[in-house]
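Since the model is a prediction, treat every value here as computed from it, not as a measurement.
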Amino acid sequence: MPLAGVVDARSVPLMLLVVALSAFPACRGANNITAILAEHRDLAEFSRQLTVTGLVDNINGRNTITVLAVDDAHMAPLKARGLSRDSLRNVLSLHVLVDYYDDAKLHRLPGGSAVVSTLFQASGDAPGSEGMVKIADRRGGRVAFVPQDVDDAGATVFYVKSVHETPYNISVLQVSAVISSPASEEPSKTESTPNATDVMSKRGCGRFAALVAATADAAATYEKSIAGGLTVFCPADKAVQAFMPAFKDLSPDGRLALVLYHGVPRHYSLSALKSNNGGMNTLAMDGANGYSLIVRDVGDTVTLLSAAPKPATVTGTLTDADTVSVYVIDAVLQPRELFNGSHAGPYTAPSPDADAKQDGDGVGDRSQKNGAASGGLTSASALLLAAILVVIV
């Protein structure tokens, strides 16, 4: 009978195993197409366009995916055609197969061919089956890709090489040119430039939309900015309601500056925001008064730093159209030009080093996490496993 307070020696291996396994990082199933493509300089433009069109999030959110990448030289003609963002997104969506194909599978197609769905087909914007791509094994071992229902021989592109393969999860295959079709390049029937204030008022940011409408020159400034690109951070109704006493204390010029401070004169998709850590100018910018805010990507969450006591977090997307995007945030942004010193201590933008210490997600931390996620053992894990082997032996 074991003595009280004494661990049975037979349970030691099991206990050590539990401790060792707990030291291993949790596996992350999400893909990171941007990181994969970053290792190949000749695919930089393809990667950039995936980010601009917002396809990065769609790709990373899929468990099984094949991306047909195009090098910079063959992306140039597509860029020169000046397609709208929605049409460009449809064209690039043809390059994302919602199934897994690697080099070996391409050369073992049942019957020599296969018809595969793409993100264009999954979007619902493709008429009929025109969002499908046919893969065919041609003579001499060449593998061709051609949009379904397109008879033009010039639409056929060929497999070049495998860029990245994570079996049954994600593969990136380089192809000889851009895959396109008349259907993918047509402007969407629903494609139109939305009115920013209308979007806000109809989808949960009615109080802020009312402030925009009631503040002299604010609505006109927002609408004029759409043509050149606009991103709006719209505080949720509860946040605006709580902030109203402070808003009423502002001068008319201060109210206008605060409302315009929530607009950025450039279009950012959510993916672009996540890759754009740093300062951003706003519509409130006025000569020497910068009225800038700071964007931080913490984990997978976009936060905005201003003179407010706490960062604002992006909690949802109201619209992400060709030139305008509107995001919901959980707090009102407060420019330091208006509020510096109104809270405990003067506002100071945190440095990247401070962020790293606070979030535990600095550059060094990220590299360590990535190394662990790829299967590397920490020294503590190695020692624990060694102890297990010694006890078992």
Side-chain angles (χ1 to χ4, degrees), residues 48-49 51-57 82-89 187-188 190-236 239-240 255-287 289-297 302-306 312-335 337:
R48 192 179 79 83
Q49 293 301 335
T51 299
V52 168
T53 56
L55 284 173
V56 166
D57 288 337
L83 296 177
S84 71
R85 178 175 176 271
D86 285 353
S87 295
L88 181 60
R89 178 185 172 92
S188 171
T190 59
E191 185 177 325
S192 61
T193 302
N195 179 290
T197 52
D198 283 350
V199 171
M200 290 186 283
S201 61
K202 294 176 182 177
R203 302 189 185 180
C205 288
R207 289 182 182 273
F208 185 75
L211 290 183
V212 173
T215 304
D217 299 327
T221 302
Y222 270 104
E223 299 310 320
K224 284 190 298 185
S225 302
I226 289 178
L230 175 67
T231 299
V232 181
F233 300 108
C234 182
V240 175
R255 294 179 185 181
L256 176 60
L258 183 132
V259 170
L260 295 182
Y261 187 65
H262 290 74
V264 174
R266 181 176 174 181
H267 173 264
Y268 285 96
S269 66
L270 189 59
S271 299
L273 282 177
K274 291 179 179 178
S275 62
N276 198 79
N277 283 303
M280 280 187 179
N281 292 327
T282 69
L283 294 177
M285 184 173 61
D286 180 21
N289 293 328
Y291 283 97
S292 62
L293 57 85
I294 297 172
V295 179
R296 287 280 186 264
D297 177 24
V302 176
T303 59
L304 308 173
L305 308 181
S306 66
T313 299
V314 173
T315 60
T317 302
L318 296 186
T319 188
D320 186 7
D322 196 18
T323 59
V324 60
S325 56
V326 181
Y327 302 102
V328 182
I329 57 176
D330 62 1
V332 174
L333 301 174
Q334 301 176 31
E337 289 79 4

**Prompt:** Does the side chain of Y291 reach to within under 4.5 Å of the side chain of L260, using non-hydrogen atoms?
**Reply:** no
**Set of residues satisfying side-chain hydrogen bond (donor to acceptor under 3.5 Å, both in side chains) with respect to R255, sequence neighbours excluded** = none
**Item:** Where T51 and S269 come nearest, the two heavy atoms and their spacing
**Value:** O-OG, 2.9 Å
**Message:** Tell me every residue that passes salt bridge (Lys or Arg N to Asp or Glu O under 4.0 Å) with R207, counting only those two or more places apart in sequence or in another chain.
**Reply:** none
**Exercise: identify the closest heavy-atom pair between L283 and V264** = CG-N, 4.5 Å
**Message:** Distance check, rounded to the nearest 0.5 Å: N276 atom CG versus R296 atom CZ?
**Reply:** 10.5 Å
**Message:** Could you work out, with side-chain hydrogen bond (donor to acceptor under 3.5 Å, both in side chains) as the rule, every residue matching S325, not counting sequence neighbours?
**Reply:** T231
**Between OG1 on residue T53 and CG on residue L83, distance to nearest 0.5 Å** = 11.5 Å
**Complete:** Only residue of T221, V259, L258 satisfying side-chain contact (heavy atoms from CB on, under 4.5 Å) with T215 is V259
**Prompt:** So, for T282 and Y261, which heavy atoms are closest and what is the spacing to 0.1 Å?
**Reply:** CG2-O, 3.5 Å
**Item:** T313 side chain near I329 side chain, heavy-atom distance below 4.5 Å
**Value:** no
**Request:** Check whether any side-chain heavy atom of D297 lies under 4.5 Å from a side-chain heavy atom of L273, and answer yes or no.
**Result:** no
**Asked** Taking only residues two or more places apart in sequence or in another chain, which ones pass ring-ring contact (aromatic ring centres under 6.0 Å, His included) with F208?
**Response** H262
**Nearest-0.5 Å distance that lies between atom CZ in R266 and atom CG in L230** = 13.0 Å
**Message:** Test of understanding: with side-chain contact (heavy atoms from CB on, under 4.5 Å), list the residues that count as partners of S292, not counting sequence neighbours.
**Reply:** N281, R336
**Request:** Would you please name every residue forming a side-chain hydrogen bond (donor to acceptor under 3.5 Å, both in side chains) with D330, sequence neighbours left out?
**Result:** none
**Atom of A331, atom of A239 and distance for their closest heavy-atom approach** = CA-CB, 3.8 Å
**Distance (rounded to the nearest 0.5 Å) between F233 CZ and L333 CG** = 7.5 Å
